[in-house]
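Residues: numbered from 1 along the sequence shown.
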Amino acid sequence: MEYRRLGRSGLKVSVIALGNWLTQNLDGSQEQTDALVKTAFEAGINLFDTADVYAQGEGEIVLGRSLKTLG
């Protein structure tokens, strides 16, 4: 995976991000999100695109649970 610096923060983020909106089929499926996040990590992806309006905030909650268990 290729990485780039995020501004002056010193962080390096993957050039490919995992979007958190359509990938969850709007149903907040924890198992599906866990599998997607695990696959993303295995591919070297460390950048996740999300917003609190996805499924009325449920998208961030489900993503957070996945990150907590895998991180």
Side-chain angles (χ1 to χ4, degrees):
M1 178 60 63
E2 182 180 340
Y3 298 91
R4 296 199 180 132
R5 294 198 183 278
L6 183 62
R8 297 181 195 176
S9 70
L11 296 174
K12 289 185 180 179
V13 297
S14 54
V15 295
I16 299 173
L18 176 66
N20 192 34
W21 176 235
L22 296 177
T23 56
Q24 290 184 21
N25 290 331
L26 311 179
D27 67 358
S29 166
Q30 191 66 60
E31 289 107 14
Q32 179 182 10
T33 304
D34 290 349
L36 287 167
V37 171
K38 181 179 179 189
T39 301
F41 274 151
E42 289 170 352
I45 294 172
N46 67 359
L47 178 60
F48 297 87
D49 175 32
T50 190
D52 62 356
V53 296
Y54 298 165
Q56 300 173 342
E58 190 66 24
E60 285 188 327
I61 292 168
V62 173
L63 177 63
R65 287 184 193 137
S66 291
L67 292 172
K68 185 176 180 180
T69 60
L70 295 172

A.B. asks: Could you go step by step and tell me if Gln30 and Asp34 meet the side-chain contact (heavy atoms from CB on, under 4.5 Å) rule?
C.D. replies: CA-CA 6 Å; Gln30 191 66 60; Asp34 290 349; 2.9 Å; yes
A.B. asks: Hydrophobic clustering (ILVMFWY, side-chain heavy atoms < 4.5 Å, transitive) - are Leu18 and Phe41 grouped together?
C.D. replies: yes
A.B. asks: Kindly give the heavy-atom pair with the smallest separation between Thr69 and Ser66, and that separation in Å.
C.D. replies: OG1-O, 3.0 Å
A.B. asks: Distance from Leu70 atom CG to Arg65 atom CZ, nearest 0.5 Å?
C.D. replies: 14.0 Å
A.B. asks: Passes side-chain contact (heavy atoms from CB on, under 4.5 Å), Asn46 versus Val13? Steps please.
C.D. replies: CA-CA 6 Å; Asn46 67 359; Val13 297; 3.9 Å; yes
A.B. asks: Provide the closest heavy-atom pair for Ser14 versus Leu47 in the form atom of the first, atom of the second, distance.
C.D. replies: OG-N, 3.5 Å
A.B. asks: Starting at CD of Glu42, measure out to CE of Met1 and round the result to the nearest 0.5 Å.
C.D. replies: 12.0 Å
A.B. asks: Would you check if the side chain of Thr33 reaches a backbone N or O of Leu63 as a donor-acceptor pair within less than 3.5 Å?
C.D. replies: no
A.B. asks: Has the side chain of Tyr3 got a donor or acceptor atom that lies under 3.5 Å from a matching backbone atom of Gly44?
C.D. replies: yes
